[in-house]
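The figures that follow rest on heavy atoms only: side chains count, while hydrogens, waters and symmetry mates do not.
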Amino acid sequence: MGPFWEKFNSVNPYLQPGYEEPPDGKEYRIKQERMNVIHKEALCINCGCCVSECNAMESSPEFLGPQALAKAFRFVGDPRDGKKLARLEKLNDEHGIWECTRCYFCNERCPKGVDPRDAIAKLGAESMKEGIDRDMGAKHAKWFVVSAKTTGWLRETELVPKTQGVVEAIKQTRFALDLAVKGKVPPPFPPHVAKDVKESRRLFDLVKEQGRDGYAGIVQGEHALAKLSHGDVGGDTLEEIYERPGAFKRPYLEGEEAQ
């Protein structure tokens with residue numbers, strides 16, 4: 001368990017406050033709605049089940065791993081923490097966020113529903129929102145977004161130069177030609193534009209307008225899935241779902257007024 005605890009400690013798993021202390025020694029309090037953002041990650045009991053199933057750690061033992069990264073998001077997403085940017089910078093190092101292979105075994109194995117892979121996705125999304133996108137994984141993800149926005153589909157022929165750079169793309173020319181001979185590479189020109197690409201662009205603009213282009217967008221998606229798991233089949237509103245006896249409290253998204 002030595003490496004497990006070393007990685008756990010490396011993400012500074014404690015609150016680093018950046019707020020002004022209330023007068024008269026009063027307790028700093030925050031609304032529950034704002035803490036619901038990290039509800040899942042706060043459930044982690046450090047059991048190590050996710051780590052035992054991590055393919056990325058098997059191939060690269062220096063990878064921080066799902067448990068440490070899930071714990072890291074617990075503090076990145078905490079509105080009281082004052083070191084968010086410093087945390088994200090550190091988590092974008094060589095063996096951080098982007099080394100995850102996205103096999104989702106950690107989600108399957110977690111006994112508490114923390115879903116570590118989802119926490120890693122939130123860290124990546126928030127990193128890009130804050131302009132921390134130097135890693136090839138971040139560039140790869142950004143090109144998916146740009147491609148979907150402009151044409152409505154993934155332009156694979158441009159993926160390597162946009163992700164790895166022109167020099168690396170030239171080095172892989174022979175490999176690309178072999179793929180083209182076997183019909184594995186679609187013609188790059190003219191770029192095909194999906195019929196309803198305007199819907200993709202509207203979604204992109206809406207997410208930006210609402211400020212949900214970081215982890216808030218993924219949290220919103222989790223809430224939608226939770227809505228379905230509560231038994232909604234399209235007839236009830238979100239408010240009606242959360243008013244049911246035994247239902248979870250309605251989640252909070254940044255910018256909303258707390259009820």
Indicate whether the side chain of E158 and that of S147 have a donor and an acceptor atom separated by less than 3.5 Å. no
Say you draw a straight line from OG of S60 to CG of N55; how long is it, rounded to the nearest 0.5 Å? 12.5 Å
Identify the heavy atoms of V76 and L91 that sit nearest to each other, and give their distance. CG2-CD1, 4.4 Å
In terms of ring plane angle, is the pair W5 and F8 parallel, tilted or perpendicular, where the classes change at 30° and 60°? perpendicular
For R134, does the CZ atom sit with more than 12 other heavy atoms under 6.0 Å from it, leaving out its own atoms? yes
For V197 and T150 the tightest heavy-atom approach is CG2-O, 3.7 Å
SG (C47) and CZ (F4) are apart, to the nearest 0.5 Å, by 7.0 Å
Heavy-atom distance under 4.5 Å between the side chains of R102 and I120, does that happen here? no
Under 4.5 Å between any side-chain heavy atoms of F75 and V11, yes or no? no
Would you please test M35 and R80 for side-chain contact (heavy atoms from CB on, under 4.5 Å) and show each step? CA-CA 9 Å; M35 296 302 295; R80 301 168 298 174; 3.6 Å; yes
Can you tell me how far apart SG (C50) and CD (E108) are? Round to the nearest 0.5 Å. 12.5 Å
Quick one: closest heavy-atom pair of P66 and M57, and the distance? CD-SD, 4.0 Å
Please name the pair of heavy atoms, one in L64 and one in S10, separated by the smallest distance, quoted to 0.1 Å. CD2-OG, 3.4 Å
Taking C-beta and beyond as the side chain, do W143 and R155 meet within less than 4.5 Å on heavy atoms? yes
Side-chain heavy-atom pair L203, E199 within 4.5 angstrom cut-off: no
Determine whether a donor-acceptor pair (N or O, by modelled atom type, separation under 3.5 Å) exists between the side chain of D81 and the backbone of L15. no
Hydrophobic cluster membership, with links at side-chain heavy-atom distances under 4.5 Å among I/L/V/M/F/W/Y: are F73 and I132 in one? yes
Does M136 reach the side chain of Q164, with side-chain heavy atoms less than 4.5 Å apart? yes
Backbone of G137 reached by a side-chain donor or acceptor of D135 within 3.5 Å: yes
So CZ of R202 and CG of D196: to nearest 0.5 Å the spacing works out to 10.5 Å
Interatomic distance, R201 atom CZ to L206 atom CG [nearest 0.5 angstrom]: 16.0 Å
Answer yes or no: are there more than 12 heavy-atom neighbours, outside K84 itself, under 6.0 Å from its atom NZ? yes
Nearest 0.5 Å, what's the CG-CD distance between L69 and E41? 11.5 Å
Return the minimal non-hydrogen interatomic distance between N92 and S127, and the atom names on each side. ND2-OG, 2.9 Å
Please give me the minimum heavy-atom distance between R117 and C106, naming the atom from each residue. N-SG, 3.4 Å
Verify the cluster assignment for F144 and V146: are they in a single hydrophobic cluster under the rule of side-chain heavy atoms below 4.5 Å apart? yes
Close side-chain approach of D118 and Y104, heavy atoms under 4.5 Å: yes
Crowding at CD, E62 (>12 non-hydrogen neighbours, <6.0 Å): no
Between D78 and R74, does any NZ, NE, NH1 or NH2 come within less than 4.0 Å of an OD or OE carboxylate oxygen? yes
Side chains of Y215 and I38: does their closest heavy-atom pair fall under 4.5 Å? no
Taking everything shown except Q172 itself, do over 12 heavy atoms lie less than 6.0 Å from its CD? yes
Do K40 and E222 have side chains that get closer than 4.5 Å, going by heavy atoms? yes
Mind running side-chain contact (heavy atoms from CB on, under 4.5 Å) on R87 and L123 for me, showing each step along the way? CA-CA 10 Å; R87 290 180 186 276; L123 289 170; over 6 Å; no
Mark yes or no for whether S200, through its side chain, and G152, through its backbone, hold a donor-acceptor pair below 3.5 Å. no
Full working for side-chain contact (heavy atoms from CB on, under 4.5 Å) between H140 and L159: CA-CA 7 Å; H140 189 86; L159 190 58; 3.5 Å; yes
Mind running side-chain contact (heavy atoms from CB on, under 4.5 Å) on T151 and H192 for me, showing each step along the way? CA-CA 7 Å; T151 61; H192 172 67; over 6 Å; no
